[in-house]
Each structure stands twice: as structure tokens, then as C-alpha cells.
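Chain naming here is simple, since letters A, B, ... match the order of the sequence lines and numbering starts at 1 in each.
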Amino acid sequence: MPPKKKARVSKTSAKSGKINDIEGTSAAGRKWKAAAPVKKTGEGSQSAGSAIFTCWLMKSEPESRFENGIDVKFGIEDLKALPDQTGCWDGVRNYQARNFMRQMKEGQQAFFYHSNCKEPGIAGIMTIVKEAYVDHTQFDKKDVHYDASCKPDNPKWSMVDVQFQRTMKRFLPLSELKKYHLQHGANGGPLKDMALFTRARLSVQPLTAEEFDFILSLEDKEPL
DNA sequence: GCCAACGTTGGC
DNA sequence: GCCAACGTTGGC
């Protein structure tokens, strides 16, 4: 069961929702050396020592790419085109990314990031509309992200439902975010520890409120 | 298409 | 539980 690609959201909107959160055997959810400023869990229901995150970034590929004969393309326009502009973020096959999805709460916001494409960057914002539940595609032999090691009585992978909120006022390219990241490394600005750069391969990542707000503020600025 | 970074697997 | 080999991610 090789780890698979990034998420692809399928056209299911409101499948029968079993609020079935599997226990968190994070077999591989090992050491993640808190790169991001870790907000101390003040009052949350998180176990001691883990941070509470409220903002997210989720990657998906907006350009066609075929994997086992199946196109994994899913950009923000594809989400927008779904009924109710809502889809499930299935196909995540990485423990850390999965665990972050399991921390997501209804109503929280996530950036929709376009990866593996001509112009990588942040395309828009979506809202978490359903908290983590079993990702049914792990059992589906026809699915790109089928995981033969998973059985319905012992699922491994979760997904959340997301709803399109809006596109960014202007697309925020990775190249620009990186310039700020580098600049902030020198001057201590808000993007100095951004997971997009410190944990490049993570497809679902947390942002601090400071990071999120700073990125939002870029919409009204000239491109760097 | 290349390839560096890094997560996962499996032997020991 | 270590760690080398392997496979994937994703920018360039």
C-alpha cells in the first residue's frame, strides 16, 4: 500500500454520513518537529502537547494527470462546479495529513492550493462542512487511491467535506509566498515557519491564524 | 523529465 | 527500534 497521491474530491455531496472516526493509530504519524509556532492547547479537547489549529491548507492538482488510467485533476473550479459547491476530500493517504484532517472542525477555513501545475499557488478558500469520517475510496478497487490493506471493519483513512467559499481576489503564486517566507526568515515575519515550505510534501497542513491572516492581506497588495 | 527531500517498508 | 532501500511528491 504505497502512499498515494494528493487528494481528489469526488462528486459525492451528502453521502450517508456515518460519524465514524476511527481511533487514531497513527502508525506513522511520528515525530513532526513542530515547525509551526505551536499554539498551546488552552481549553481544547486535544490531548496535552498537541497544538490546536484552526486554519488549513489543502493541496490538489488542477491539471490533468493520469494515474492508473484515471485522471486525478481536481482544481478549485471543479469543486465550485459540484452540487452545492461541496465535495469530499478523499484520497489522502498520508498519516500526518489524515491526522490533520481529523482535527478539522466544521466551519473552519482552508486554502485551496494548486499543486503540480504550471502555476502552483493558493487559488481560493473553502469551508469545512463535515468533520472527518471514513474515506470509502480506500475499499474501492476501481479507485485510484484504493488501499488493499484496508477492510471495512478496520478502515485507515478519513476524509472531510469541503465547500467552495470563494476564489482569491488574485491568485497567490507559490513563488510570491516563497519570497515572503525567505524575507520573514530574516526579519521574523509571519511566514517564516509556514508548513508549505518547512513541510513541503504534506498535502494537508495547518496554518496559524497569523499565517492565514497575513496571506489574506496579500490579496490587496501588489504582487511581489 | 529531473531529482532532492522525505515518508514508508521491511529486514534484522 | 534502527536504518537502508525504495517510492512518492512536487517544484523547477
- Could you tell me the separation between the CZ atom of A/F197 and the P atom of C/dG11, rounded to a whole number of Å? 10 Å
- Task: Figure out the CG/P separation between A/L196 and C/dC12, and round it to whole Å.
- Result: 10 Å
- Please check the phosphate of C/dT8 (OP1 and OP2 only) for any side-chain N or O of A/R93 closer than 4.0 Å. no
- Task: Indicate, with a heavy-atom threshold strictly under 4.0 Å, whether A/K178 touches base, sugar-phosphate, or nothing.
- Result: sugar-phosphate
- Query: What is the distance, rounded to the nearest whole Å, between atom CG of A/D147 and atom P of C/dG7?
  - Reply: 17 Å
- Taking the six-membered ring for Trp, are A/W157 and A/F139 ring centroids under 6.0 Å apart? no
- Note on the structure: In whole angstroms, the gap separating C1' of B/dA4 from CZ of A/R199 amounts to 16 Å
- Is there a donor-acceptor contact under 3.5 Å linking the side chains of A/Y146 and A/N68? no
- Check the distance between C/dG10's P and A/E119's CD and give it to me in whole angstrom. 17 Å
- Message: So A/Y113, base contact, sugar-phosphate only, or nothing? Heavy-atom distance under 4.0 Å.
- Response: sugar-phosphate
- Among the nucleotides C/dG7, B/dT8, C/dC12, which one has an atom lying closest to any side-chain atom of A/Y95? B/dT8
- Task: Indicate whether OP1 or OP2 belonging to B/dT8 is found under 4.0 Å from a side-chain N or O atom of A/N94.
- Result: yes
- Query: Rounded to the Å, how far apart are A/E61 CD and C/dG10 C1'?
  - Reply: 8 Å
- Message: If we count only N and O atoms by modelled type, under 3.5 Å, do the side chains of A/W56 and A/Q205 hold a donor and an acceptor together?
- Response: no
- Atom pair distance, as rounded to whole Å: NZ in A/K59 and C1' in C/dT8: 12 Å
- When the distance from CD of A/Q205 to C1' of B/dC6 is rounded to whole Å, what number comes out? 14 Å
- Among side-chain atoms of A/T86 and A/D161, is any donor-acceptor pair under 3.5 angstrom? no
